[in-house]
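Written below as structure tokens is the structure these notes are about.
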Number of protein chains: 2
Amino acid sequence: MSIKCRFCPIRNLPLFQPLTDAELGFMEDFKVGEMTVQPDTPILSSGAASPQLFTALKGFGLRYRLLSDGRRQVLSFVFPGDLIGLQAGVMNQMTHNVESTTAMTLCVFNRNELWTLFRNQPQRAYDLTWIAASEERFLGEALTAIGQKSALESVCWALARIYRRLEALHMDERKSVPLPYRQQDLADSLGLSLVHTNKTLAKLRSRQIASWSDGRLQVNDIQALEEMGLVDAIEPHNRPLM
Amino acid sequence: MSIKCRFCPIRNLPLFQPLTDAELGFMEDFKVGEMTVQPDTPILSSGAASPQLFTALKGFGLRYRLLSDGRRQVLSFVFPGDLIGLQAGVMNQMTHNVESTTAMTLCVFNRNELWTLFRNQPQRAYDLTWIAASEERFLGEALTAIGQKSALESVCWALARIYRRLEALHMDERKSVPLPYRQQDLADSLGLSLVHTNKTLAKLRSRQIASWSDGRLQVNDIQALEEMGLVDAIEPHNRPLM
DNA sequence: TTATCGTATGTCACAGTTTAATGCGCCTCC
DNA sequence: GGAGGCGCATTAAACTGTGACATACGATAA
């Protein structure tokens, strides 16, 4: 049984912009259901024109592209509140894949209603464009990390960004956040080998800056981590939730 | 004196979707002017909240991010028809820079009218979201190239994509297209050193697949280039023009 | 109990970087 | 008109950050 949007468990976090009653009403019509998936479930596949978009309510996933020989580039990690499938929704063609890493709960929206949303809810349409621009900005940051930063700088950048995102979701607890991914996933997001990623994480652990084990990331000094990762100061900013 | 949108020199290319009379009328109101810039002129700067968005009508530029120590990541190359500044327009904050490489002519749009566009022109709002999703998709491709491909594969990918984009703009002539950038620009877009980029281009020249000199790129065998660059087959698809 | 998966570590190889030098074309100044 | 400087492309040699390979260990599932 679907949760009504007004009872959404995450929408009242300060991270997310509030919605008007009219917007809430529209979203409740736009939402066609809820879906729970097990770990390692494909959610969207490259080449497929999916009829649905999703918002992640609970759980973790990732977006990735594959080369013909099996090499995998992880584009980003999916956390609660993230919209999934906008590219397919708007362009009618996916070029990347999305899959769950843990069990996930997803709100399901019907792509056929997207045009209705653009016609009747300009603020929500603006929010969708904002989300697309935000994802573009993140990919620009990732491109800069992979293209210009050393392995240590890149790993620090990635862990700092992950920590801050989960902190904004109030998932932090005593300077640690859940991080249920494998080291290969982080390696594939930064264009590094698994072995080198492991060694770089060991270096951070030995310097007591950050340690990742048993599905949790402990960050002792987020400022140091951000400085080592050359993370740009980003103004705190709330974001739309679909 | 500004060109009226209905007399836009590039809008009738098959690459671009046609506009209705109402949309044309709206765009002519949305457009506040035209701007010509000299080579090496900053158009948008990181951190600045620009009051304007632009469409490139003529000329070439690039988008890039800088690290604090001066390292530069070129995010993408700007060609005619490209929208500039959507991120700033929607998110009210740029995190990258845009600058001209050659003299450019730009259509200028007023950011204050963006909300009017969303309220009154849902099809144009949809087009903006499409453009944002398209740029996100391109950055995903670039991330995959830099993160997973060898230097030779990356250079082939980049040159093949550049050739196809300019071909779609009907700027090709006897298997060559204009490419008025420096080798350092290509190197900074692929996260490679200048020397290694030069050697890789020499390898392509010696194999008679592609050669880049005197501001032009000659591609003798685009299929071979695409294959070496592991370029995904992309369905021909026209795109909106702002 | 055995097999599999993920993490950890040591060693060696190499793709790409860094440094330095050269050549060419263009532009400015005398 | 010629000299000098600058920017860009090219190349060689030395260097290194990262990849490849191999092995071991602990946890978990069959």
Side-chain angles (χ1 to χ4, degrees), chain A residues 38-40 60 62 67 69-74 101-102 145-159 178-207 210-218 228-230, chain B residues 38-40 60 62 67 69-74 99 101-102 145-159 179-207 210-218 228:
Chain A
Q38 294 306 309
D40 302 317
F60 297 79
L62 47 71
L67 292 177
D69 62 8
R71 280 177 278 170
R72 181 183 73 156
Q73 177 62 43
V74 170
T101 298
T102 67
I146 298 191
Q148 298 302 324
K149 293 176 182 178
S150 67
L152 183 61
E153 289 170 337
S154 292
V155 169
C156 289
W157 168 81
L159 295 184
L179 195 57
Y181 297 98
R182 298 175 297 135
Q183 289 182 5
Q184 183 69 66
D185 297 328
L186 180 64
D188 288 352
S189 75
L190 298 177
L192 298 170
S193 72
L194 169 60
V195 172
H196 198 58
T197 299
N198 181 278
K199 288 171 179 171
T200 306
L201 289 167
K203 191 178 291 180
L204 284 176
R205 189 183 312 124
S206 78
R207 295 189 196 183
S211 64
W212 177 17
S213 62
D214 300 313
R216 289 195 75 86
L217 171 65
Q218 175 86 24
M228 287 174 70
L230 304 176
Chain B
Q38 294 307 307
D40 302 319
F60 296 81
L62 47 72
L67 291 177
D69 62 8
R71 281 176 278 171
R72 180 184 73 157
Q73 177 63 41
V74 170
E99 84 178 19
T101 299
T102 67
I146 298 189
Q148 299 300 323
K149 293 177 182 179
S150 67
L152 182 61
E153 289 170 337
S154 293
V155 170
C156 290
W157 170 80
L159 295 184
L179 195 58
Y181 298 99
R182 299 174 297 139
Q183 289 185 4
Q184 183 69 65
D185 296 328
L186 180 63
D188 287 352
S189 75
L190 298 176
L192 299 169
S193 69
L194 170 60
V195 172
H196 197 56
T197 300
N198 181 277
K199 286 173 179 169
T200 307
L201 289 168
K203 189 178 291 180
L204 284 176
R205 189 183 314 125
S206 77
R207 294 187 195 183
S211 63
W212 177 17
S213 62
D214 301 313
R216 289 195 74 86
L217 170 65
Q218 174 88 25
M228 287 174 68

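First the proteins, then the strands, lettered A, B, ... as listed; each starts at 1.
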Item to check | Qualifying residues under salt bridge (Lys or Arg N to Asp or Glu O under 4.0 Å), relative to A:Asp214, sequence neighbours excluded | outcome: none
Checklist entry - How long is the span from the CG atom in B:Leu194 to the CG atom in B:Leu186, to the nearest 0.5 Å? => result 10.0 Å
Checklist entry - What residues, two or more places apart in sequence or in another chain, satisfy side-chain hydrogen bond (donor to acceptor under 3.5 Å, both in side chains) together with A:Arg207? => result none
Checklist entry - Quick one: side-chain hydrogen bond (donor to acceptor under 3.5 Å, both in side chains) partners of B:Gln218, sequence neighbours excluded? => result none
Checklist entry - Any donor and acceptor pair, going by atom type alone, linking the side chain of A:Trp212 with main-chain N or O of A:Leu179 inside 3.5 Å? => result yes
Checklist entry - Going by the salt bridge (charged side-chain N to carboxylate O under 4.0 Å, His left out) test, which pairs reach into residues 186-195 of chain B, not counting sequence neighbours? => result B:Arg72-B:Asp188
Next on the checklist: Does anything in residues 191-202 of chain A form a salt bridge (charged side-chain N to carboxylate O under 4.0 Å, His left out)? List the pairs, not counting sequence neighbours.
Outcome noted: none
Checklist outcome for this item: Nt span of DNA chain C in reach of chain A heavy atoms at under 4.0 Å, 5' end first, is C:dG6 to C:dT11
Item to check | Interatomic distance, B:Gln183 CD vs D:dG7 C1' [rounded to whole Å] | outcome: 13 Å
Next on the checklist: Tell me every residue that passes salt bridge (Lys or Arg N to Asp or Glu O under 4.0 Å) with B:Arg205, counting only those two or more places apart in sequence or in another chain.
Outcome noted: none
Next on the checklist: Tell me the bend of the helix from C:dT1-D:dA30 to C:dC30-D:dG1 as the angle between end helix axes, each from five pairs, rounded to the nearest 10 degrees.
Outcome noted: 30°
Checklist entry - Is A:Gln73 reaching over with its side chain to a backbone N or O of A:Ser189, donor-acceptor style, under 3.5 angstrom? => result yes
Next on the checklist: I want to check something: taking the side chain as every heavy atom from C-beta on, are B:Thr197 and B:Leu190 in contact at a cut-off of under 4.5 Å?
Outcome noted: no
Checklist entry - Can you check whether B:Ala145's main-chain N or O pairs, donor with acceptor, with B:Ser154's side chain at less than 3.5 Å? => result yes
For nucleotides 23-27 of chain D, tabulate all protein N/O to nucleotide N/O atom pairs closer than 3.5 Å, reporting atom names and distance.
none

Checklist entry - Closer than 4.0 Å, any side-chain N/O of B:Gln184 to the OP1 or OP2 of D:dG7? => result no
Item to check | Nucleotide D:dA9, atom P - distance to CG of B:Asn198 in whole Å | outcome: 8 Å
Checklist entry - Partners of B:Asp40 by side-chain hydrogen bond (donor to acceptor under 3.5 Å, both in side chains), sequence neighbours excluded? => result none
Checklist entry - Rounding to a whole Å, what distance do you find between B:Arg182:CZ and D:dC6:C1'? => result 13 Å
Under 3.5 Å between N/O atoms: give me all the protein pairs with nucleotides 15-20 of chain D, atom names plus distance.
| from | atom 1 | to | atom 2 | distance (Å) |
| --- | --- | --- | --- | --- |
| D:dT18 | OP1 | A:Ala151 | N | 2.9 |
| D:dT18 | OP2 | A:His196 | NE2 | 3.3 |
| D:dT18 | O5' | A:His196 | NE2 | 3.3 |
| D:dG19 | OP1 | A:Gly191 | O | 3.4 |
| D:dG19 | OP1 | A:Ser193 | N | 3.1 |
| D:dG19 | OP2 | A:Ser193 | N | 2.9 |
| D:dG19 | OP2 | A:Ser193 | OG | 2.9 |

Checklist entry - Considering residues at least two apart in sequence or located in another chain, which fulfil the salt bridge (Lys or Arg N to Asp or Glu O under 4.0 Å) criterion with B:Glu99? => result none
